[in-house]
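The chain is numbered in sequence order, starting from 1. A quick note: this is a predicted structure, and the numbers were derived from the prediction, not measured. These values consider heavy atoms only, across backbone and side chains, with no hydrogens, waters or symmetry-generated copies.
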Amino acid sequence: MAHDPKAPFIPQRDKGLPPVLECKELGIDFGGLTAVNDFNIAIGPTEICGLIGPNGAGKTTIFNLLTKVYQPTRGQMLLEGKDTANMNTVRANKAGLARTFQNIRLFDKMTVMENVLLGLHNEIKYKLPTAVLRLPRYWRAEREAKKHALDLLSLFDMGHMANYAAGSLPYGSKRRLEIVRALATNPKVLLLDEPAAGMNPAETEELMSTILKIHRQFNTAILLIEHDMRLVMGICEGVAVLNYGHLIAKGTPAEIQKNPKVIEAYLGTGGGDVHA
């Protein structure tokens, strides 16, 4: 039997540790319409968690709430136990929340390296006068940032693309670059919004390897929205299911696959098979 939707699912290795991200009774209304209501989730410090549901269930709205694109109408969100109520998107990112988007958002005319350098803004320690006057500290920080960016790119087999225009990359590489740029902000939670969208099976396989590599290398929590059930069931330890803005189930992939409420939500809306 799947877990109670309000009960947290935490992988065994994170048992006894406080969740890195916790939502309590989170909800948002747009005018008279309730888009998300009573959303409760707790994510372990190193958990890979999937957020799934039929089209229009409210999944991207959840991501916009987590990253402070939207402010909730009610409820609370805690990041490492700290209330994020007064944060905007910039402060949320600096606190440790980084995301990618369903529609890739890169600076196409900038190089691959420059896109990653933008993600390293949280590491910039010098002040504006130091940059304007080109003081030694500025040049030292720039060298360190470029080395860090190249190290990240090389980790994902993109070092040789550093000077390519981002817009010239093939689709799968653009997806990888967006993930690398998010990683450059040194997140505590990496939010991936439909990372496999538009990918062929070979690219999806590569993406699965990339996500698992991130998990091993950075030991960070990952929350992903995805319609590709093979990817979700293949790499996620916990899965949360959203339908019409409500969380209807949480549990392991095996529990979710046979949960009657989940099957009804998908088959009742033409959402597809929930099996890998």
Side-chain angles (χ1 to χ4, degrees), residues 5 9 20-23 26-28 35-44 47-70 72 77 79 89 92-93 96-105 171-172 174-176 178-179 181-183 187-199 203-204 207-208 210-212 214-215 220-253 256-257 259 261-262 265-266 269-276:
F9 171 85
V20 65
L21 180 67
E22 190 172 10
C23 298
L26 203 62
I28 187 170
V36 173
N37 193 41
D38 198 24
F39 181 76
N40 296 270
I41 199 168
I43 298 175
E47 180 179 351
I48 304 178
C49 180
L51 178 61
I52 67 172
N55 289 329
K59 301 181 297 295
T60 295
T61 301
I62 292 291
F63 268 29
N64 286 335
L65 284 168
L66 298 181
T67 55
K68 297 300 180 176
V69 174
Y70 301 149
M77 187 185 97
L79 182 62
T89 54
N93 178 253
L97 289 166
R99 74 175 291 183
T100 64
F101 295 86
Q102 183 177 348
N103 299 313
I104 299 172
R105 298 187 187 180
Y171 186 82
K174 285 183 178 180
R175 282 282 181 195
R176 257 189 303 160
E178 192 180 33
I179 293 172
R181 186 179 62 186
L183 277 174
K188 296 178 176 68
V189 184
L190 178 62
L191 307 169
L192 304 177
D193 192 349
E194 294 197 33
M199 288 189 172
E203 289 171 330
T204 300
L207 174 66
M208 290 173 71
T210 296
I211 293 172
L212 291 172
I214 290 168
H215 190 251
T220 186
I222 298 171
L223 176 62
L224 64 91
I225 294 171
E226 189 49 71
H227 286 288
D228 188 322
M229 289 299 103
R230 183 167 170 274
L231 186 151
V232 172
M233 301 303 170
I235 67 172
C236 291
E237 299 160 299
V239 179
V241 187
L242 202 66
N243 194 31
Y244 295 113
H246 294 267
L247 200 60
I248 60 172
K250 278 191 300 191
T252 66
I256 292 302
Q257 285 176 332
N259 185 296
K261 289 184 178 179
V262 177
Y266 271 87
T269 59
D273 192 358
V274 296
H275 289 77

[X] [atom1] to [Y] [atom2] distance, which is reported to the nearest 0.5 Å:
{"X": "Thr100", "Y": "Gln102", "atom1": "OG1", "atom2": "CD", "result": "10.0 Å"}
{"X": "Glu226", "Y": "Met233", "atom1": "CD", "atom2": "CE", "result": "11.5 Å"}
{"X": "Ile214", "Y": "Arg176", "atom1": "CD1", "atom2": "CZ", "result": "10.5 Å"}
{"X": "Arg175", "Y": "Ile104", "atom1": "CZ", "atom2": "CD1", "result": "4.0 Å"}
{"X": "Ile222", "Y": "Leu191", "atom1": "CD1", "atom2": "CG", "result": "10.0 Å"}
{"X": "Leu66", "Y": "Thr89", "atom1": "CG", "atom2": "OG1", "result": "13.5 Å"}

Could you tell me which non-hydrogen atom of [X] sits nearest to which non-hydrogen atom of [Y], and how far apart they are?
{"X": "Gly44", "Y": "Val20", "value": "O-CG1, 3.5 Å"}
{"X": "Pro54", "Y": "Ala265", "value": "CG-O, 3.6 Å"}
{"X": "Leu79", "Y": "Gly96", "value": "CD2-N, 4.2 Å"}
{"X": "Pro187", "Y": "Ala98", "value": "CB-CB, 3.7 Å"}

Determine the sole option in Lys188, Lys68, Met77 for which the side-chain contact (heavy atoms from CB on, under 4.5 Å) test with Leu97 is passed.
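Result for side-chain contact (heavy atoms from CB on, under 4.5 Å) with Leu97: Met77.
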Do [X] and [Y] touch side chain to side chain, with heavy atoms closer than 4.5 Å?
{"X": "His227", "Y": "Asn55", "answer": "yes"}
{"X": "Val241", "Y": "Asn259", "answer": "no"}
{"X": "Arg230", "Y": "Met208", "answer": "yes"}

What pairs with [X] under side chain to side chain donor-acceptor pair (under 3.5 Å), at least two apart in sequence or on another chain?
{"X": "His215", "answer": "Arg13"}
{"X": "Thr60", "answer": "Asp193"}
{"X": "Asn64", "answer": "Arg99"}

Partners passing side chain to side chain contact (heavy atoms under 4.5 Å, CB included) against Thr204 (at least two apart in sequence or in another chain)
Ala196, Met199, Asp228, Leu231
List the residues meeting side chain to side chain contact (heavy atoms under 4.5 Å, CB included) with Ala240, not counting sequence neighbours, and say none if there are none.
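With sequence neighbours excluded, Ala240 shows a side chain to side chain contact (heavy atoms under 4.5 Å, CB included) to Ile41, Leu51, Leu247, Lys250, given in chain and number order.
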So, Glu194 side chain and Ile225 main chain: donor-acceptor pair closer than 3.5 Å or not?
no
For a side-chain contact (heavy atoms from CB on, under 4.5 Å) check, start with the C-alpha distance between Ile256 and Ile52, then their side-chain angles and the critical distance, and finish with the verdict.
CA-CA 10 Å; Ile256 292 302; Ile52 67 172; 4.3 Å; yes
Partner residues of Tyr70 under the ring-ring contact (aromatic ring centres under 6.0 Å, His included) criterion, sequence neighbours left out
Phe30
Determine whether Leu224 and Val232 satisfy the following criterion, side-chain contact (heavy atoms from CB on, under 4.5 Å), listing intermediate values before the conclusion.
CA-CA 8 Å; Leu224 64 91; Val232 172; 4.2 Å; yes
